Amino acid sequence: MTTKSNAQAIGEKQAQHPLDDLLRTDRIPHIWCPGCGIGTAFAATLTAIKDSGLDLGHTAMVSGIGCSGRGAGYAKLDSYHTTHGRAIPFATGLKLANPKLNVVVFSGDGDLFAIGGNHFIHAARRNMDLTVICVNNLNYGMTGGQVAATTPHLAKTTTTPVGNPESPFNLPLLAYASGATFIARWTIMHGRDMVESLTEALLHRGFSFVEILSPCPINYGRRNKEKPLETLKLYEEKSIIKNNANPLEITLDAEKGIVLGNFYKESRPSCIESYDRTCRPDFLEQSS
Amino acid sequence: MNFWRVPLDAQDVSVARGIVHIIEDRCKGCGYCIAYCPKEVLAFSDRFNKKGYHPPYARRPEECVNCHYCEILCPEFAIFTELDPSCPQAKELESDKQPGQSN
Amino acid sequence: MKPAVLTGEHYMTGDEAIAEGALAAGCLFFGAYPITPATEIAERMSQRLFGVGGTFIQMEDEIAAMAAVVGASCAGVKSMTATSGPGFSLMMENLGLAIVMETPCVVANVQRAGPSTGLPTQGAQADMMQARWGSHGHYEIIALAPESAQEAFYETIRAFNLAEKYRTPVLIMTDELVGHMSERVVIPKKSAITLEDRPRPKGRKDRYLPFEPGPNGVPPMAAAGEGCAVHMTGLTHDAKGYPVMTVECQEQMVTRLVNKILDNRHDIFSFKEYRLEDADVAVVSYGISARTARAAVDEARQEGIKAGMLKLDTVWPFCEEKIFELAQRVKAFVTVEINLGQIHLEVMRAARGKAPCVLVGHAGGALISPEQVKAALRSI
């Protein structure tokens with residue numbers, strides 16, 4: 001018995017992926033390379049959007065530039081593919097102008113933490129009502145594999161041919177220090193945990209941040225002698241799940257371990273709640 | 001499934017059966033689903049799809065337990081599983097449904 | 001609680017008049033970053049916006065301020081920001097995004113002397129070419145240049161109307177001198193102010209194409225949350241908003257964006273002719289320098305020099321037909337602007353050699369005196 005005969009049971013042509021209703025199927029297959037994990041992180045995001053029960057008509061996705069930045073273009077939602085690094089401030093304007101919208105930022109590590117780093121820390125400080133999902137593939141994939149703010153020390157990229165002399169950001173720690181109120185890290189291997197975490201992030205009031213580690217076999221893997229399945233194996237072997245871990249101990253290191261989990265959750269007034277209370281109590285009174 | 005120690009109620013637990021669906025032309029042949037299927041249901045087929053990749057096929061479809069892991073791991077929206085309507089779990093689900101409920 | 005339209009007579013600065021004009025135009029979002037000499041616009045908006053149901057936010061830099069403005073406009077809200085030279089440079093990135101996503105918004109540039117940090121507290125008109133070509137790629141832009149607080153009020157309303165009507169960013173290119181000068185401003189009744197709204201989609205939401213142009217070349221715009229599942233990108237795109245990386249699509253998109261402005265230029269143009277009927281010399285000016293030029297024209301007339309003035313309310317797109325028409329009947333053009341020749345070059349281009357063109361300008365930091373203009377008029 002083959003797949004074909006299985007598929008015939010429901011008719012091969014009608015085979016509809018359970019996420020097709022949230023995808024711009026006329027743009028699939030997407031541009032991501034074979035073995036790239038962005039598609040998995042993106043699928044988990046769409047599943048979480050479904051699971052969270054959010055009103056899809058009032059859910060918008062904003063991306064910046066780069067491989068992960070192409071995410072918005074595949075979501076059958078109000079979706080905006082903006083400029084490099086500016087997904088968060090664009091999303092801030094979108095959300096403030098219509099607080100009824102659920103705004104999801106889906107982008108990559110280069111976009112959100114190098115060129116967009118300033119916007120990230122300020123949106124976290126404000127506890128801006130956004131869900132920021134960062135696919136971290138440790139390098140700039142779209143431009144051919146250059147060193148990023150997340151590239152491990154001594155790793156090889158096209159602009160660090162003898163190894164990266166610098167040290168990377170620890171993204172959840174940065175988010176914690178900046179004031180984010182929901183912080184998690186998963187890998188694309190941790191499908192169900194990732195979806196649950198993303199669902200919680202989407203329903204969280206305030207600034208939620210989820211980092212998703214993903215292989216970049218073509219650009220990062222190739223130069224660091226890591227085949228796609230080997231990256232997954234590394235995730236499998238080195239992952240340590242520690243929910244509520246001390247943010248200082250959430251290492252991302254092949255030796256010390258890749259600490260995953262839902263690290264932090266705090267309830268404090270979101271940016272919009274705080275603006276309403278501070279800046280327009282009279283107006284709210286008047287209109288109620 | 002291989003148990004390190006067989007659970008006491010192993011006999012009473014019935015395992016679900018799933019059907020694997022593969023949207024071949026979306027596949028880019030990364031092999032994640034094949035490598036990580038816990039029941040080793042899948043294998044690369046010899047056929048090429050439209051893009052020139054070898055998509056997987058269900059080598060042992062009867063082994064699928066509808067765990068959805070291939071579906072979750074696939075970066076291409078190219079594979080998914082559903083409960084085999086003829087297995088006991090599907091019938092249970094069916095009888096649990098309230099009249100008039102669509103899903 | 002003060003209403004959005006502060007009907008009556010007021011004594012306020014040009015900056016404050018821009019803020020009041022924005023509120024009267026229905027602006028409900030302001031993305032700010034402080035910079036001299038535009039800060040007062042942000043301050044006024046921070047005092048007034050929450051009271052009319054809007055939102056004010058001071059962002060972390062001008063890049064973010066402009067990005068937030070484009071985002072807010074995509075949510076269907078009239079939005080603006082205000083800045084000066086250094087901030088204007090940072091805004092160029094997302095100004096380009098607003099052009100290509102066809103997102104209505106208003107940017108006020110209260111010009112100070114540059115380059116770089118320059119003279120932060122002293123006026124200039126040296127960002128006029130940056131306004132025209134500052135963001136990369138080929139595009140058309142609308143820029144207005146008020147000369148007084150009163151004009152700043154009305155031109156801000158017109159800026160919002162043009163932005164909405166043509167789904168494009170509009171620049172208010174004023175200067176420190178107008179921005180910081182306190183003058184009488186008369187604000188009419190709300191009912192006397194005509195407002196435009198962006199074209200809205202009609203018909204089935206699932207068939208809506210965000211970039212399919214309407215009759216005047218402007219596509220109707222659906223906001224986020226309207227159920228149209230809009231996709232917008234900064235990449236070259238088709239009517240659906242999907243990226244298409246072809247020469248054909250690039251040609252089609254860019255020409256439409258350019259023609260959307262150029263084909264409607266007569267609706268966008270506004271200029272005032274002052275004593276031009278019998279003029280031998282046409283003085284061309286805009287913004288604060290128009291006041292210098294007007295005084296010089298009057299004084300020159302007393303000396304027997306037949307001078308007149310063309311005052312540009314709309315600087316971009318440039319009214320080249322009007323200049324060419326004048327070029328056939330005047331002996332010369334004198335352009336008065338606080339820079340070393342920007343709009344002067346446009347006048348030269350548009351005159352097509354029919355009349356000589358003279359510049360009265362300097363590197364910035366102060367007004368041009370009517371004496372300097374008169375000296376130029378006498379020498380012709």
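Chain letters run A, B, ... following the sequence lines, proteins first, then strands; residues in each count from 1. Both backbone and side-chain heavy atoms feed into the values below; hydrogens, waters and symmetry mates do not. If you're wondering where the values come from, they're calculated on a predicted model, not measured in any experiment.
The backbone N or O of C:G54 sits less than 3.5 Å from a side-chain atom of A:R280, completing a donor-acceptor pair.
Ranked by heavy-atom pairs under 4.5 Å with chain C, the list A:A60, A:A72, A:G73 is led by A:G73. Comparing C:G234, C:A64, C:A223, C:A67 by how many heavy-atom pairs each has under 4.5 Å with chain A, the most go to C:A67. No other option in C:S73, C:G76, C:A229 has as many heavy-atom pairs under 4.5 Å with chain A as C:A229. Your options are A:L56, A:D78, A:T59, and the one with the most heavy-atom pairs under 4.5 Å with chain C is A:D78. No other option in A:N98, A:I88, A:T83 has as many heavy-atom pairs under 4.5 Å with chain C as A:T83.
By the 6.0 Å contact criterion, NE2 on C:H138 is enclosed, its count of non-hydrogen atoms from other residues, nucleotides or ligands being greater than 12. For C:E251, the CD atom counts as loosely surrounded, since its 6.0 Å shell holds 12 or fewer non-hydrogen atoms of other residues, nucleotides or ligands. For A:Y264, the OH atom counts as densely surrounded, since its 6.0 Å shell holds more than 12 non-hydrogen atoms of other residues, nucleotides or ligands. Heavy-atom contacts from other residues, nucleotides or ligands closer than 6.0 Å to CD of A:E273 number more than 12.
Of all non-hydrogen atoms in A:P89 and C:M59, the two that sit nearest each other are CB-CE, 3.8 Å. For A:L101 against C:A75, the heavy-atom pair with the smallest separation is CD1-CB, 4.4 Å. For the pair C:A224 and A:L94, the tightest heavy-atom approach, listed with the atom from each and the gap, is CB-CD1, 4.1 Å. Listed here is the closest heavy atom pair of C:F29 and A:G93: CZ-CA, 4.0 Å.
Heavy atoms closer than 4.5 Å to chain A are found in the side chain of C:M101, but not in its backbone. Looking at C:V69, there are no atoms closer than 4.5 Å to chain A (heavy atoms on both sides), in backbone or side chain. Contacts of C:V230 with chain A are made by both backbone and side-chain atoms, with heavy-atom separations under 4.5 Å. The contact between A:R126 and chain C is made entirely by side chain atoms (from C-beta outward), counting heavy-atom distances below 4.5 Å.
Residues A:R86 and C:E93 meet the side-chain proximity criterion, which asks for heavy atoms closer than 4.5 Å. A:H81 has its side chain within reach of C:H231: a pair of non-hydrogen atoms, C-beta onward, lies under 4.5 Å apart. Contact annotation: the side chain of C:L97 approaches that of A:F90 to within less than 4.5 Å [non-hydrogen atoms, C-beta and beyond]. A heavy-atom distance below 4.5 Å is not found between the side chains of C:T55 and A:K95. C:I57 places a side-chain heavy atom less than 4.5 Å from the side chain of A:L96.
Atom CD of residue C:E60 and atom OG1 of residue A:T92 lie 7.0 Å apart, to the nearest 0.5 angstrom.
A ring-centre distance under 6.0 Å is found for C:F50 and A:Y275.
For a heavy-atom cut-off of 4.5 Å, chain C lies close to A:R24, A:D26, A:R27 in residues 23-43 of chain A. Along residues 102-123 of chain A, the residues that come nearer than 4.5 angstrom to chain C, judged on non-hydrogen atoms, are A:N118, A:H119, A:H122 in order of number.
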What's the verdict on side chain to side chain contact (heavy atoms under 4.5 Å, CB included) for A:V62 and C:M232, showing C-alpha distance, side-chain angles and the deciding distance? CA-CA 10 Å; A:V62 182; C:M232 289 193 183; over 6 Å; no
